[in-house]
Number of protein chains: 2
Amino acid sequence: MQDFLRLESDKYIETTDGITPMNLKALSQHLGLSQTTVSRALNGYPEVSERTRERVMQAAIELNYRPNPNAKSLATGRTEHIGIILPIEQNLFMEPVFGEFMAGIAQCLAEADMDMTIMPTPRSNELQAYQQLAISGRVDGILISSPTLQDARVACLAESDFPFVLHGRTECAFPYSYLDIDNQGAFANATRLLLDLGHQRISLVNGDESMTFARDRHAGYRQALQEHGVTYDPQLVCSQGSMTEEHGFNSVSRLLLQRPRPSAFIVGSMILALGAMRAIRHHGLEPGHDIALIAHDDHLPYLQADKFDPPLTTTSSSIRAAGYEITQVLHAEINNKGMGHSQTVLPVELIVRGSTRTYKRPA
Amino acid sequence: MQDFLRLESDKYIETTDGITPMNLKALSQHLGLSQTTVSRALNGYPEVSERTRERVMQAAIELNYRPNPNAKSLATGRTEHIGIILPIEQNLFMEPVFGEFMAGIAQCLAEADMDMTIMPTPRSNELQAYQQLAISGRVDGILISSPTLQDARVACLAESDFPFVLHGRTECAFPYSYLDIDNQGAFANATRLLLDLGHQRISLVNGDESMTFARDRHAGYRQALQEHGVTYDPQLVCSQGSMTEEHGFNSVSRLLLQRPRPSAFIVGSMILALGAMRAIRHHGLEPGHDIALIAHDDHLPYLQADKFDPPLTTTSSSIRAAGYEITQVLHAEINNKGMGHSQTVLPVELIVRGSTRTYKRPA
DNA sequence: CCACAAATCCAAAGCGCTTTAAATTGTATG
DNA sequence: CATACAATTTAAAGCGCTTTGGATTTGTGG
């Protein structure tokens, strides 16, 4: 239990009953006050005089007193932690964007003075893990990302009133909070740009379409084609595969073999764009000249669209900012539990650069 | 405190004193046993008969009982959590490798049935945050990464006997546990390969040399040069800047302007290699033909060395595996506290591919 | 049949905090 | 000067678990 041999500075204090751990009891003994008063003084309750509060605060700082978070959580039911469940096999971190997303979360958490509990879980236990985490009392709210079309995790949490926010959207019988970007609008705009430039055979290298975001992008693509009266050709769409350089290379290579050849590509990520460019060049063509290319850009700081050669036209949306905002939403949700649901769709900007600038109509 | 309005399934149970939360007390009442016995049965203590244990286990599963982690931690002082402090400004997640590292950690944690607490912290509070986390009782051990040459975080934790493991190495008066890769050996080998191929002007695009790993790599590079009697030219080394595509492009572009021109580059990451390749081509040269290129590869799944064009020669070391192993070490350290320190240096393989294969001696 | 040990079980204290309900002090009023 | 009332403070219960020390039952050999 305790370990009195370990005499780290700050952790122990000499009181009337010997050397004891530095806790509320010791602090209040030291001050000649009750634990109640000290606790209230520290937590800003009004029923304590300003003079004692001053004194308590002072002593707490001097003695470097930190309330034990476990005890606090046990007593209050709050933890100041949010939770994320991490599937260990098809790991979210594999997607480089997840790191950026986390960075945004971290930024907001630091400002709100909260922390984050990450629970690595095999997919087989996932649902159970979400339920368990929700009732465990270890976190005040949960963040969910990468939803499928009808996401079971959302379905199972939405029934309870445990606070959570989804990054993305899903079909669900119950209302729930989410924050998403306008994937459909973004890819519709990208497609329109290409159509306006005269492209007729536009290829889409999409993410895994069991995910809502990929389905939405596909829908945007089709929508724009339809508006322009261009018939939709499923052969031009690649709707499975991971967001790797290799997959970008392979699918674009394959698509380039079609006749008539696609003259433009829309790809789902910057990493895919790397592979796409390699494929295009490998094919003896020049991106931005012979072939137009648009990528979705989540603003990875180490891979910037304007630094590509040619600079990449992108549908642009900071996933870090999304992480920041979704955490704010969750934080608000935690604080006014049951005050309705926040549903946000962030717009996505289309930034035109060199990769769609110089277009030669294909033969 | 409690919220009896919320009647989620699994969370409440009908006992002799009405509908109560599903906790140890309720479970033992339901079983007609004492809390002591039930607790012992569940935790595998020997002083409970096999028959009752069976009965208890059964009931626990049926009623979906989960011990409250906060209460457990408060009582035992253990949390089954490891901690990581995340600097929010120069964010670790910016480095794409950190995601991979985390993936390895997560894998190991899942196997050990542990979780991870991430504490986002501004650099200004960093040291305090480490100390606080160590004594807070929220985590059983801490993982530290990206050490500087004389890392204050390590220095301050090594004095206490709180379990932690460093990913990398640092100068420190006290003994501590670490797991590192042989950065020096790796870069020495890479340099030797180039020297053996006849290169004389070899350029190094390194990471920030306030970090130990970068300093070690630089040392390996110098060591190999010295062995081969090639004079070290500081002009050929770029030892600051982040691991971005842009920085790779800029520094290689600049270095290519030198006369005599460097004929080979060693760069610190795959992302840098992307920028390096772009710079080389931008300069009208062909990587692997006119200019040799070696990169350090942390095995990012979405950016594979053999998929580059030409395939990249690399110093190769799975950072995911490192994450896995370091977590194992920490876990062991937690379980036998004070049983000495584990110090591991993993070897790094040199994998020769196309980018150093076809070499034309420069004019 | 009894003493003794081993096996099982339990009541209660304790982990460090919050919070309820009650007690104490101070202050103004009739 | 007693009284009502607000301002401060406190004792004690409770959060849900573990664990100590003791109680009770069971089994065994003399």
Proximity to the side chain of [X] - top-ranked nucleotide from [options]:
X	options	result
Ser49(A)	dT18(D), dT10(D), dT8(D)	dT8(D)
Ser39(B)	dT19(C), dG16(C), dT19(D)	dT19(D)
Glu47(A)	dC10(C), dT19(C), dT8(D)	dT8(D)
Pro67(B)	dT19(D), dG16(C), dC17(D)	dC17(D)
Asn68(A)	dT19(C), dT20(D), dC17(C)	dC17(C)
Ser34(B)	dC17(C), dA11(C), dG14(C)	dA11(C)

Which is true for [X] with a 4.0 Å heavy-atom rule: it touches a base, it touches only sugar-phosphate, or it touches nothing?
X	value
Thr37(A)	base
Arg51(B)	nothing
Arg66(B)	sugar-phosphate
Ser73(B)	nothing
Asn70(A)	nothing

If only side-chain N and O atoms of [X] are considered, is one of them under 4.0 Å from the OP1 or OP2 phosphate oxygen of [N]?
X	N	answer
Tyr45(A)	dT8(D)	no
Thr36(A)	dT10(D)	no
Lys72(B)	dT18(D)	yes

For Asn23(B) and dT18(D), give me the distance from atom CG to atom P, rounded to whole Å. 12 Å

Salt bridge Glu54(B)-Arg51(B), side-chain N to carboxylate O under 4.0 Å: no

Between Val329(B), Asp140(B), Val165(B), which is the residue that forms a side-chain contact (heavy atoms from CB on, under 4.5 Å) with Ile334(B)? Asp140(B)

Kindly check if the number of other-residue, nucleotide or ligand heavy atoms within 6.0 Å of CG (Asn336(A)) is above 12? yes

Is any side-chain N or O of Arg40(A) under 3.5 Å from a base N or O of dT10(D), one able to act as donor and the other as acceptor? yes

Would you say the side-chain atoms of Arg53(A) pair up with the backbone N or O of Ala41(A), donor to acceptor, closer than 3.5 Å? yes

